[in-house]
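Note sheet for the following structure.
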Amino acid sequence: MELSAKYNPAEVEDKWYSYWIENRCFHSEPDSREPYTVVIPPPNVTGILHMGHVLNNTLNDVLVRKARMDGKNACWIPGTDHASIATENKVVARLRERGISKEDISREEFLKYAWEWKEEHGGIILQQLRKLGASCDWDRTRFTMEPALSEAVLATFCHFYKKGLIYRGVRMVNWDPVALTAISDDEVIHKDTKSHFYHLKYYVSDGKGNPTDKYLVIATTRPETIMADAAICVNPKDERHHWLRGKKVLIPLIGREIPVIEDDYVEMDFGTGCLKVTPAHDAHDYEIGLRHNLPVLDIIDDHGRLNENAQILVGEDRFEARKKIEKMLEDAGNLVKVEEYVSPVGYSERTDAVIEPKLSAQWFLKMEDLAARALDHVESGRIKFIPDRYRNTYRHWMETVHDWCISRQLWWGQRIPAWYLPDGQVVVEETAEKALEAAQKINPALTAADLRQDEDVLDTWFSSWLWPISVFDPKLPGHPEHKANRDLSYYYPTSDLVTAPDIIFFWVARMIMAGDEFMHDVPFRNVYFTGIVRDKIGRKMSKTLGNSPDPLDLIAKYGADAVRLGMLLCSSAGNDILYDESQVEQGRNFCAKIWNAWRLVSGWSPDAEAAQAESCRVAVKWFDNLLSRTINEVEDHYAKFRISDALMAIYKLFWDDFCSWYLELVKPAPGQRLDGRTFEATVGFFEKLLKLIHPVMPFITEELWQAMEERRPGETIMFQRTPKAGPCNADFLARFDLARQAVINIRALRAQKNIPPKQELELFVEGDALAEVAPALCKLGGVRLSSGKAEGAAVSFLVGTVQMSVPLAGFVNVDEERSKLENDLAYQKKFLAGVRAKLSNEGFVAHAPEAVVAGERKKEADALSRIEALEKALASLNA
RNA sequence: GGGAGCAUAGCUCAGCUGGUUUAGAGCACCUGCCUUACAAGCAGGGGGUCGGCGGUUCGAAUCCGUCUGCUCCCACCA
């Protein structure tokens with residue numbers, strides 16, 4: 001097969017991905033082999049590929065391809081997440097473009113639009129993953145809101161409800177007035193925000209609702225909420241305010257009377273030491289309200305506007321109301337002063353709206369017991385985190401866990417399977433039919449029309465926590481008595497999970513809980529946390545900053561293999577990735593190197609009759625040993641999830657050892673032909689190297705593997721076995737390294753003395769340490785080997801402990817050489833002194849491990865022989 | 001405020017239970033080369049008192065304390 005001079009990734013990548021799909025190479029069915037299972041962290045169905053996905057899925061693919069080549073039955077489940085808030089926002093935005101407001105249409109109409117949107121844009125990201133080379137089992141693609149998985153979610157809700165772990169409660173939630181939904185604490189981002197600190201006078205009431213001339217001053221950032229005040233609170237230890245005990249004060253503008261109460265919560269030295277308590281609009285105030293039995297008055301509606309309860313400014317937006325009430329308070333003489341103030345304000349992660357603390361009826365899942373069990377799975381080591389330090393983070397969260405608010409005031413998602421009876425009773429069942437049956441047991445007269453289903457949907461994570469189970473057997477979640485089907489029994493628990501640390505609680509912890517609840521087993525054995533992809537100056541990649549390259553552009557420009565390698569080069573587990581395009585360039589260069597190496601080898605026409613040159617025999621023996629050693633290293637790295645180290649070991653083996661040394665050693669001179677034995681060995685090495693590289697760079701390795709020889713239809717490198725390490729002669733490798741070093745020294749010598757490359761040098765080596773490897777050395781160094789002593793002025797040097805000298809009549813300046821040798825000698829003596837100091841240290845000899853002491857003695861002996869050799873060289877130079 | 005982590009070459013990081021390294025790698029940089037696989041390359045080279053200080057030890061990049069500077073998570077004083 002004729003290879004083009006340049007590697008063309010675009011052509012090759014499309015060709016082989018189609019080939020893999022056609023031959024169903026990614027598909028897995030249970031069989032007698034050991035399974036290797038991973039589930040994709042499902043990306044948002046409306047999402048598009050970003051650099052974080054590239055990192056995550058590249059790592060996933062490397063692990064999957066490696067396992068496949070190790071002979072395991074590898075199965076990688078792809079799929080998408082319905083992402084209720086994000087998707088609903090996008091649908092709302094698109095409807096708005098068409099001039100349709102969500103409030104103007106029915107739930108059913110809205111969902112119709114949403115599904116349309118999903119069919120149109122959903123799954124784009126899965127197509128993009130194919131460009132990256134992801135070897136997912138596409139036949140098994142899942143979606144968290146497909147019917148079977150939705151049923152699993154509803155069954156799960158019923159399961160926990162019937163266990164008494166799900167309850168409905170009034171809670172202070174984080175209300176997003178734009179998305180019109182409650183969001184979890186974890187979805188609130190606190191940002192320091194410039195605002196004002198308003199100091200307001202509250203006059204003490206005379207008892208009949210009239211102001212006296214006495215007053216107190218409170219400080220607030222939210223003057224628009226004073227109409228909802230239920231009390232003024234001071235610290236009981238605060239003597240400045242003891243005169244207020246038992247008094248009532250009047251809310252400015254509306255004159256409503258509220259009590260002064262005392263609570264330790266109030267900081268005496270913050271603000272004025274007086275706190276207005278507004279239970280409906282502040283989480284802490286709500287807690288104080290509970291302690292003091294204060295009434296709750298809600299004056300803000302779902303859109304963040306003041307309602308009738310406010311009495312004034314009704315219908316105004318909360319921020320408008322703030323501006324207006326400032327003026328009103330000033331006019332009324334209640335405004336003492338306004339300070340500039342920076343305070344942390346909660347924003348919605350999704351809509352960036354300022355969060356409004358709001359009391360609302362929500363569904364909760366009790367977490368205490370689930371969390372305790374989930375913690376144990378990690379503490380006991382049944383689940384391993386990589387890197388391990390995330391265990392601390394995990395433990396901390398699991399020990400301080402709050403109940404999980406699982407309801408969302410949205411339409412896109414699984415609707416809560418709770419039905420209200422006319423009398424307010426609630427029945428929870430998986431379907432409307434079952435709910436009616438249950439309701440009729442309470443009141444036989446009821447009909448379907450009497451039941452009203454809860455309007456809310458479930459939190460997206462309430463479906464994704466089932467993912468490792470429901471992708472295989474959606475019937476199981478919620479029905480622990482159900483016998484797991486064949487897929488679930490075979491593939492569960494999954495092997496590894498690759499994900500970002502920011503969803504350790506949202507997703508990882510909850511999958512562990514669901515796995516424990518329904519499978520009584522962990523959902524995965526190892527969790528590999530990737531870092532966050534940042535740009536090269538450390539900023540998070542974001543659309544607004546515009547610092548995030550489009551992965552597809554990168555793939556088009558450099559090829560998927562290059563992008564994969566670029567991503568992996570700089571990624572160690574748990575560390576943030578500082579992405580720089582130069583890394584992708586490095587990946588592209590590596591592709592070119594592999595390509596060109598094969599162009600060289602494939603261009604040779606071997607002579608089957610020719611005898612193998614000694615230099616070739618040595619080279620083959622060397623690389624065979626080196627390959628074994630490197631394979632062992634690589635396996636060790638993979639076993640410890642040190643993917644970038646494994647990659648680097650392979651990269652250096654190919655580039656530095658195979659290309660720069662091995663190929664140069666066996667490369668026939670122009671016009672010459674290589675012997676058949678060496679050629680076969682070289683092709684064999686090349687194939688093993690391709691197999692080692694394949695998990696990281698699937699496309700170019702497939703292309704070359706197919707180009708090496710005629711393959712059977714449907715055959716692929718994907719299913720070739722990872723090369724096994726043979727025996728490794730470490731001593732031989734060490735001697736070859738000496739020869740290699742000698743070549744480097746001789747090359748340096750040529751450069752230094754301006755000796756033309758054509759001129760052969762005569763090299764004298766003492767002893768026979770290099771006897772076997774010398775042929776290789778001679779070829780690359782352009783030297784002829786002699787024994788005995790160099791005549792006349794010569795350059796002496798040491799490689800390891802081997803003394804070598806090259807007579808260089810006409811090139812050597814004796815004085816220069818002498819001073820160099822003297823420098824070397826001085827250095828060796830100093831080094832020897834250091835080693836001897838250590839050895840004469842009684843503590844060292846007594847305490848250090850034997851091997852270490854022996855090592856030092858070896859150093860001492862080596863240094864001595866070097867000194868001896870240098871002295872000899874000096875003597876002969878002087879003679 | 002609570003918790004966790006990081007600090008090693010210009011950059012990104014290895015360095016695993018203290019000793020076998022006279023602190024390594026990749027990239028970047030500098031010098032010389034278009035040598036018929038590859039200039040997306042080849043051959044060389046420079047560059048670090050392992051953040052500061054103290055301690056433990058025969059021995060510390062490694063363990064302990066402390067300081068400084070960053071990062072993340074949790075909670076946020078109205």
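Here the structure is a predicted model, which is why all the values come from computation and not from measurement. These numbers come from the heavy atoms of this one structure, side chains and all, not from hydrogens, waters or symmetry mates.
B/rG10 sits 27 Å from B/rG5 when the P atoms are compared, rounded to a whole Å. Across B/rG24 and B/rC50, the matching C1' atoms stand 12 Å from one another, rounded to whole Å. If you take atom C1' in B/rU20 and the same atom in B/rG15, they sit 14 Å apart, rounded to whole Å. Using P as the reference atom, B/rC34 and B/rC42 are 16 Å apart when rounded to the nearest Å. Rounded to whole Å, the P atom of B/rG44 lies 14 Å from the corresponding atom of B/rC27. A distance of about 39 Å separates the C1' atoms of B/rA39 and B/rU49, rounded to the whole Å. When the P atom is used for both B/rU8 and B/rA14, the distance is 11 Å, rounded to whole Å.
Annotation for A/A509 and A/W397: closest pair CB-CZ3, 4.0 Å, computed over non-hydrogen atoms. Of all heavy-atom pairs between A/L647 and A/L568, the closest is CD2-CB, 3.6 Å.
As judged by a 4.0 angstrom heavy-atom cut-off over every strand, A/A748 is placed among residues making no nucleic acid contact. Within the nucleic acid shown, A/C659 comes within 4.0 Å of at least one base atom, counting heavy atoms only. Residue A/R866 is in base contact, counting any heavy-atom pair closer than 4.0 Å across all strands shown. Contacts of A/A751 with the nucleic acid, taken as non-hydrogen atoms under 4.0 Å apart, are absent.
Checked against B/rA37, B/rA78, B/rA43, the side chain of A/S660 finds its nearest nucleotide in B/rA43. Ranking B/rC58, B/rG15, B/rU20 by closeness to the A/V852 side chain, first place goes to B/rU20. Picking from B/rC58, B/rA37, B/rC16 the nucleotide with the shortest atom distance to the side chain of A/L600 gives B/rA37. When the nucleotides B/rC16, B/rG44, B/rA78 are ranked by their closest atom to the side chain of A/V266, B/rA78 comes out on top.
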Could you go over nucleotides 38-41 of chain B and give all protein N or O partners under 3.5 Å, atom names and distances?
| unit_1 | atom_1 | unit_2 | atom_2 | d |
| --- | --- | --- | --- | --- |
| B/rC38 | O4' | A/N596 | ND2 | 3.3 |
| B/rC38 | O2' | A/N596 | ND2 | 3.2 |
| B/rC38 | O2 | A/K593 | NZ | 2.8 |
| B/rC38 | N3 | A/K593 | NZ | 3.0 |
| B/rA40 | O4' | A/N589 | OD1 | 3.1 |
| B/rG41 | OP1 | A/N589 | ND2 | 3.1 |
| B/rG41 | O3' | A/K593 | NZ | 3.3 |

Would you tabulate the pairs of protein nitrogen or oxygen atoms and nucleotide nitrogen or oxygen atoms of nucleotides 3-7 of chain B closer than 3.5 angstrom?
none

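Residues meeting the side chain to side chain contact (heavy atoms under 4.5 Å, CB included) test with A/P606, sequence neighbours left out: A/F679. Take A/K384 and apply the side-chain hydrogen bond (donor to acceptor under 3.5 Å, both in side chains) test, not counting sequence neighbours, and it matches no residue. In this structure A/H284 satisfies the side-chain hydrogen bond (donor to acceptor under 3.5 Å, both in side chains) test with no other residue, sequence neighbours excluded. Applying the side chain to side chain contact (heavy atoms under 4.5 Å, CB included) rule to A/E262 yields the partners A/V234, A/P236, A/H242, A/R245; only residues at least two apart in sequence or on another chain are considered. In this structure A/Y286 satisfies the side-chain hydrogen bond (donor to acceptor under 3.5 Å, both in side chains) test with no other residue, sequence neighbours excluded. A/I744 pairs by the side chain to side chain contact (heavy atoms under 4.5 Å, CB included) definition with A/W661, A/Q741, not counting sequence neighbours.
Ranked by how close their nearest RNA chain B nucleotide is to the 5' end, A/T400 and A/D636 are led by A/D636.
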*asked:* Each nucleotide in nucleotides 24-30 of chain B should get exactly one letter: B, S or -. Can you fill that in based on protein heavy atoms under 4.0 Å?
replied: -SSS---
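Put simply, the side chain of A/I288 reaches to within 4.5 Å of the side chain of A/L275, judged on heavy atoms. At least one side-chain heavy atom of A/K667 sits under 4.5 Å from a side-chain heavy atom of A/L600.
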*Would you sort out whether A/D824 and A/K820 count as a salt bridge (Lys or Arg N to Asp or Glu O under 4.0 Å), showing the intermediate values?*
CA-CA 6 Å; A/D824 279 5; A/K820 244 182 84 190; over 6 Å; no
All N/O donor-acceptor pairs, side-chain side in residues 554-564 of chain A, below 3.5 Å, sequence neighbours left out:
| unit_1 | atom_1 | unit_2 | atom_2 | d |
| --- | --- | --- | --- | --- |
| A/K557 | NZ | A/E581 | OE2 | 3.1 |
| A/Y558 | OH | A/E581 | OE2 | 2.7 |
| A/D561 | OD1 | A/F699 | N | 3.2 |
| A/D561 | OD2 | A/F699 | N | 3.4 |
| A/D561 | OD2 | A/I700 | N | 2.7 |
| A/R564 | NE | A/V696 | O | 2.8 |
| A/R564 | NH1 | A/D61 | OD2 | 2.8 |
| A/R564 | NH1 | A/L132 | O | 3.0 |
| A/R564 | NH2 | A/D61 | OD2 | 2.9 |
| A/R564 | NH2 | A/P695 | O | 2.9 |

Donor-acceptor contacts under 3.5 Å from residues 835-844 of chain A side chains, at least two apart:
| unit_1 | atom_1 | unit_2 | atom_2 | d |
| --- | --- | --- | --- | --- |
| A/R836 | NE | A/E860 | OE2 | 3.0 |
| A/S840 | OG | A/R836 | O | 3.1 |
| A/S840 | OG | A/A837 | O | 3.0 |
| A/N841 | OD1 | A/G843 | N | 2.8 |
| A/N841 | OD1 | A/F844 | N | 3.2 |

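Salt bridge A/D657/A/R740: present, at least one basic N to carboxylate O contact under 4.0 Å.
For the strand RNA chain B, secondary-structure stems (runs of at least three Watson-Crick or G-U pairs, all distances below 3.5 Å) span B:1-7 with B:68-74, B:10-13 with B:24-27, B:29-33 with B:41-45, B:51-55 with B:63-67.
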